[in-house]
Undergrad: 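If you scroll down you'll find the structure; I have some questions about it.
Just so it is clear, the model here is predicted, and its values are computed rather than measured. In what follows, chains are A, B, ... by sequence order, proteins preceding strands, each numbered from 1.
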Amino acid sequence: MELIDHLILGFTVALSPQNLLYCFLGVTVGTLIGVLPGIGPLAGVAMLLPLTYVLAPTSAVIMLAGIFYGAQYGGSITSILVNMPGDASAVVTCIDGHAMARQGRAGPALAISAIGSFFAGCVATLAIMLLAPPLTTVALRFGPAEYFALMTVGLVMAISLAQGDQLKGCAMVVLGLVLGITGTDVQTGTLRYTFGIAKLGDGIDLVSVAIGLFGLSHIILNLEGATRRHLELAKIKSLMPSREEFSASARPIVRGTILGSILGVLPGGGAVLSSFASYTLEKRLARDPSRFGNGAIEGVAGPESANNAASQTSLVPLMTLGIPPNPVIALIGGALIVQGVIPGPEIISKQPDLFWGIVASMWIGNIMLLILNLPLVGIWVSLLRIPYQMLFPAIILFSCIGAYSVDNSTFAVWLCVVFGLLGYVLLKLEFEPGPLLLGFILGPMMEENLRRAMLLSHGDATVFVREPISLVLLLIALGLVIVMALPKARDKRKEVFSE
Amino acid sequence: MKRVMLAVAMMLGLGTIPAHAAYPEKAIKIVVPYAAGGTADIFARFVAERLGTKWKNEFIVEVRAGAGGNIGSDYVAKAAPDGYTLLLGTSGSNAVNPTLYKTMPYKAEKDLVLVALVAETANVLVTGPNHPGNSIEELVALARSKPGKVTYASSGNGSVLHLSSVLLANKKNVQILHVPYKGTAPALIDVIAGRVDFMIANGPSVVGDIKGKKLKALAATTSKRVAALPDVPTMMEAGVEGYDLSSWFGVLAPARIPDEVRLKLNAAIREVLAEPTTRERFLALGAEPVPMDAETARQFFLSELKKWGDLVRASGAQVD
Amino acid sequence: MRTVLVRSKELWSGVLFVTIGVVVVSMALKYPTGTPSRMGPGFFPLVLGCILALLGLIFLARAGVRPGNSLSGWNPIALVCVLGSVALFAALLEPLGLAMAAFVSVVLACAAGHERRWGQALALGVGLALFVVVLFVMLLKLQVGIVPSLWN
């Protein structure tokens, strides 16, 4: 069967000593990043991106992808042990995970988290293997109208699934769209919003936005916080979960995996969303919802599986359609483009060793994480003992170098200052920067495709409803908008997000 | 401590100032004005490697991308004209931009000189496999029958590929609709799918698809047939008179570079291009080595500036 | 305790977005707008700018009805030191080289922290400067000068 051939090809590539090393490096660094407060996978991938230019494309993606899903593992460690999420997608795990830790059940929490993530990772990889090739044939049917409709769905989802106030989420998305417009207009060559600065002709670099908005702003905010951060480190008694814990976790893991796999693929979806959605689902399905918040293991099993599944399946749209569904994947896509590999429908057919090698290495990465992380928990914990005082200057320095090295340009570093300030102001005013980033990435594509669709149809706007795929997608977007507006849905959201 | 020692070493080094006859005496930097990993970068690294071995001197490749190649080109244009800062320029970044961009940070004819050409890639006019046109003639007839409705893709407004199609339209007096994309890859997808009628694309990007029957090649833009596509006629053979365009890559330097240095570089590059392995490596990339002596190269650059300049003005494309 | 309007986050959100919206729109008008069926470069930003300004007005209106949360205190030192550290790095990197820029930047960043331990800051600065020089320039071949270029 062809699939077996592909797998063999993939494993041959992934098991080369070089790629094994990069996989290991990726997942280890990823876990480290996940553990460190203040740097999430986005800032981490952004900082390490330039390093991969010296690697072959396959090795580069293996390493970057490893960082991404490794960070999901790492984030859960700090969530459980220290009640401090390493990044947004681990926030949910804090709730019941840390509660379990306080009851002396940190070990089982960590173990279930790792096992759930492993299961999810394997299933997600399987899903990619089965679904990606057929998806590419569908991808060729995506013309500008369809892409525009898809972007619209993505943006609507980004708004509807943003935490908190939806109007604020909307404002963030639109602001992101505006920032994304900066640069040379594809259609006419007009320079827009460049203020006469030549470098801005290529647009604002994503890395600067990511570092400023997510890294620097959070550091400033952290420093404003309590005068002395004390990390309550829970003791770990034993690692193994009890039989009841195992059986209680089984179904949430499966449900989380499925949820995460689907949501990871959709633009605007991703790991953060999946973990929240899974938590909500489990709470709703539980026989005794009041346990949630007090150490219900389902509240760890589900979200952890979901966010790991999502981070892996989010590679699919990049590899098949060339569209990154979330900012981290966008960065990985950027790294590929720099290497001369254009993500899109052609990748699977033109560069099968790249695609299947990455898929196979995700399996391997998941195994590595499972085996390595549990014994290494002690090391990660001791890292947390490095005083923040010493940690954050290092993070700032690495961010600066990372931004510079993308293009050997100090301008990119200056941009980090601008976005750091912007991010700080937005955080102070209680805005979530996440949707902004999504708007920033998807926006220009949306406009480009909208105008191109109109150009190709010679001014005929009905093209969006004449084409079946486009029509369906636009209806979905419309449906989502309606659902968002319904008062009942609004109340449910308030409920979920107030936790 | 370490930094102090380094500093002392540097200061001692200040005592020796390089004289022309002894060129090169220190590391030479080749600036690439496009993103790392692209074709320009590949050629830069090639030149760095081969010249480095030949002269036993260190060559560094530095990427300074942005503004369609202007950032890197400007950096070199304003660098000291001592032969230690060079540019791996292209027809796009250095022959087209000066007219395309309303404001340029440097003046192409005055500030840069083409030291030596390195390679040339041909561009090919392709259509989707199901497209009714099977030759340039048929395509032109189609365009004539419905003015403004036949569409063509390009990798960007004012790009070499865009302008190549403009030249075709001018020569044949037809009106075709330009659909710009961000880069060649997304454009090709729409050509293959038949959403856009045709595109003139870089040889290297389409050779694979042509052989795989996903694209039909109607003509090559150069005056000689492309080595990798021997069955594809040239534009001139296909009935478009006076049509000879290609994308070139070359080494440029600040204009006031001393003549001895310039001639030395040119001679060395020509030697490298004549090596048998060079031709092989270039053909694998879909390019051909183009040795050209120093004076011809200098004139070539000036004539290219004019040729592409005229095309830009004819197309009305502008980046402001 | 009722939130004072002028300290309301909602109010300032409104101010911010109205301002941004107006700026975006005014710049968008400089580019050809075109028509909906043949959109020019100015069309999309114009629409977006209007939406932003509109959202800003909604925030202002909401603030009037219910001021909501009030702005918490801020730490200007942290803000200035963190952003200043990055800015200093950007300014000093090319003239002074990586080692110096890293050192200065780290020391300034340390000033943002709660404890003012200068000895520790200087040591950290030297340590990190050396570390990044080794890692990025020597191991990863990042193209950047290590020492002040004035000395080359």
Side-chain angles (χ1 to χ4, degrees), chain A residues 50-51 54 167-168 170-171 174-175 177-178 181 185 187-188 190 192-193 212 216 219-224 227-228 387-390 392-394 396-401 403-405 408 410-414 416-417 420-421 424-426 428-431 443 447 450-451 454-455 459-461, chain C residues 9 12-13 16-17 20 24 27-28 31-32 36-42 44-45 48-49 51-52 55-56 58-59 69 71-75 78-79 82-83 85-87 89-91 93-94 98 101-102 105-106 109-110 112-115 117 120-121 124-125 128 132 136 140-144:
Chain A
L51 302 189
V54 297
L167 273 180
K168 283 189 164 174
C170 193
V174 176
L175 184 58
L177 291 177
V178 169
I181 287 183
D185 175 35
Q187 284 270 35
T188 59
T190 318
R192 296 188 293 184
Y193 296 95
L216 295 176
I219 292 180
I220 303 174
L221 223 55
N222 280 339
L223 289 171
E224 276 189 4
T227 42
R228 211 162 279 266
Y388 195 63
Q389 181 85 354
M390 288 176 54
F392 80 84
I396 294 178
L397 182 62
F398 286 127
S399 306
C400 290
I401 298 180
Y404 175 81
S405 56
N408 278 344
T410 44
F411 183 69
V413 186
W414 285 109
C416 289
V417 178
L421 183 60
Y424 172 75
V425 168
L426 290 174
K428 280 301 241 189
L429 291 175
E430 282 181 16
F431 282 89
E447 191 206 6
L450 174 64
R451 287 162 74 186
M454 294 294 275
L455 190 63
D460 178 10
Chain C
K9 290 190 191 189
W12 289 104
S13 308
L16 180 67
F17 277 89
I20 297 179
V24 170
M27 290 189 70
Y31 315 119
S37 59
R38 252 239 146 127
M39 289 183 207
F44 212 61
L48 292 179
I51 296 180
L52 283 177
L55 286 170
I58 296 181
F59 292 141
N69 293 339
L71 287 171
S72 50
W74 64 315
N75 181 353
L79 181 66
V82 170
L83 293 182
S85 157
V86 179
F89 184 84
L93 182 65
E94 290 196 335
L98 180 60
S105 158
V106 168
C110 285
H114 292 292
E115 307 148 14
R117 293 204 194 136
Q120 193 184 63
L124 190 62
L128 280 175
V132 294
F136 287 100
L140 296 172
K141 303 266 183 281
L142 180 68
Q143 294 306 332
V144 71

Undergrad: Counting heavy-atom pairs closer than 4.5 Å to chain A, which one of C/Ile58, C/Leu16, C/Val24 comes out on top?
TA: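 Most heavy-atom pairs within the cutoff with chain A belong to C/Val24.
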Undergrad: Please state whether the side chain, the backbone, both or neither of A/Leu175 comes within less than 4.5 Å of a heavy atom of chain C.
TA: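 Looking at A/Leu175, backbone and side chain both touch chain C.
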Undergrad: Got a second to check how far C/Lys9's NZ is from A/Glu430's CD, nearest 0.5 Å?
TA: 3.5 Å
Undergrad: Does any heavy atom of chain C fall under 4.5 Å from the side chain of A/Phe431, the backbone, both, or neither of them?
TA: side chain
Undergrad: Holding to side chain to side chain contact (heavy atoms under 4.5 Å, CB included), I want the full list of residues that pass it with A/Val413, two or more places apart in sequence or in another chain.
TA: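 Per chain and number, A/Val413 pairs via side chain to side chain contact (heavy atoms under 4.5 Å, CB included) with A/Cys400, A/Ala403, A/Tyr404, C/Val86, C/Phe89, C/Ala90.
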Undergrad: So what's closer than 4.5 Å to chain A heavy atoms on C/Ile20: side chain, backbone, both or neither?
TA: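 It is the side chain, since no backbone atom gets that close.
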Undergrad: Using a 4.5 Å cut-off on heavy atoms from C-beta on, say whether the side chain of A/Met390 contacts that of C/Gln120.
TA: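 Result yes, sub-4.5 Å side-chain heavy-atom pair found.
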Undergrad: Considering only heavy atoms, which portion of C/Leu55 lies under 4.5 Å from any heavy atom of chain A: side chain, backbone, both, or neither?
TA: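 When you check distances to chain A, only side chain atoms of C/Leu55 fall under 4.5 Å.
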Undergrad: Quick one, C/Leu79 and A/Leu421 - any side-chain contact, counting heavy atoms below 4.5 Å?
TA: yes
Undergrad: If I take atom CG from residue C/Leu128 and atom CZ from residue A/Phe398, how far apart are they, to the nearest 0.5 angstrom?
TA: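 The distance works out to 6.5 Å.
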Undergrad: Using a cut-off of under 4.5 Å for heavy-atom pairs, which of C/Ser105, C/Ala102, C/Ala87 has the most such pairs with chain A?
TA: C/Ala87
Undergrad: So what's closer than 4.5 Å to chain A heavy atoms on C/Ile51: side chain, backbone, both or neither?
TA: side chain
Undergrad: Restricting to non-hydrogen atoms, name the atom on A/Lys428 and the atom on C/Leu71 that form the minimum distance, rounded to 0.1 Å.
TA: O-CD2, 4.1 Å
Undergrad: Which of the residues A/Thr188, A/Ile220, A/Ile396, A/Leu426 is involved in the greatest number of heavy-atom pairs with chain C at under 4.5 angstrom?
TA: A/Ile220
Undergrad: Distance from C/Leu52 atom CG to A/Leu177 atom CG, nearest 0.5 Å?
TA: 8.5 Å
Undergrad: Using heavy-atom distances under 4.5 Å, tell me whether A/Ile181 contacts chain C through its side chain, its backbone, both, or neither.
TA: side chain
Undergrad: Check whether A/Leu397 gets within reach of chain C through its side chain, its backbone, both or neither, counting any heavy atom under 4.5 Å.
TA: side chain
Undergrad: For each of C/Ser85, C/Ala91, C/Ala121, tally heavy-atom pairs with chain A at distances under 4.5 Å, and name the one with the top tally.
TA: C/Ala91
Undergrad: Could you check whether any side-chain heavy atom of A/Lys168 comes within less than 4.5 Å of a side-chain heavy atom of C/Phe59, counting everything from C-beta outward?
TA: yes
Undergrad: Using side-chain hydrogen bond (donor to acceptor under 3.5 Å, both in side chains) as the criterion, list what pairs up with C/Ser13, not counting sequence neighbours.
TA: none
Undergrad: Answer yes or no: is there a side-chain heavy-atom contact under 4.5 Å between A/Pro393 and C/Leu124?
TA: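 Side-chain contact under 4.5 Å: yes.
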Undergrad: Using modelled atom types and a 3.5 Å cut-off, is there a donor and acceptor pairing between side-chain atoms of A/Arg192 and backbone atoms of C/Pro41?
TA: yes
Undergrad: For the residue pair C/Tyr31 and A/Tyr193, does the interplanar ring angle fall in the parallel (under 30°), tilted (30 to 60°) or perpendicular (over 60°) class?
TA: perpendicular
Undergrad: Does any backbone or side-chain atom of A/Ala171 lie under 4.5 Å from a heavy atom of chain C? Answer side chain, backbone, both or neither.
TA: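 A/Ala171 touches chain C through backbone and side-chain heavy atoms alike.
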Undergrad: What's the shortest heavy-atom distance between A/Ile401 and C/Leu98, and which atoms?
TA: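 For A/Ile401 versus C/Leu98, the nearest heavy atoms are CD1-CD1, 4.2 Å.
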Undergrad: Which atoms of A/Glu447 are under 4.5 Å from chain C, going by heavy atoms: the side chain, the backbone, both sets, or neither?
TA: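 When you check distances to chain C, atoms from both the backbone and side chain of A/Glu447 fall under 4.5 Å.
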Undergrad: Given the options A/Asp460, A/Leu216, A/Asp185, A/Val417, which has more heavy-atom pairs under 4.5 Å with chain C than any of the others?
TA: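 Option with the top pair count is A/Val417.
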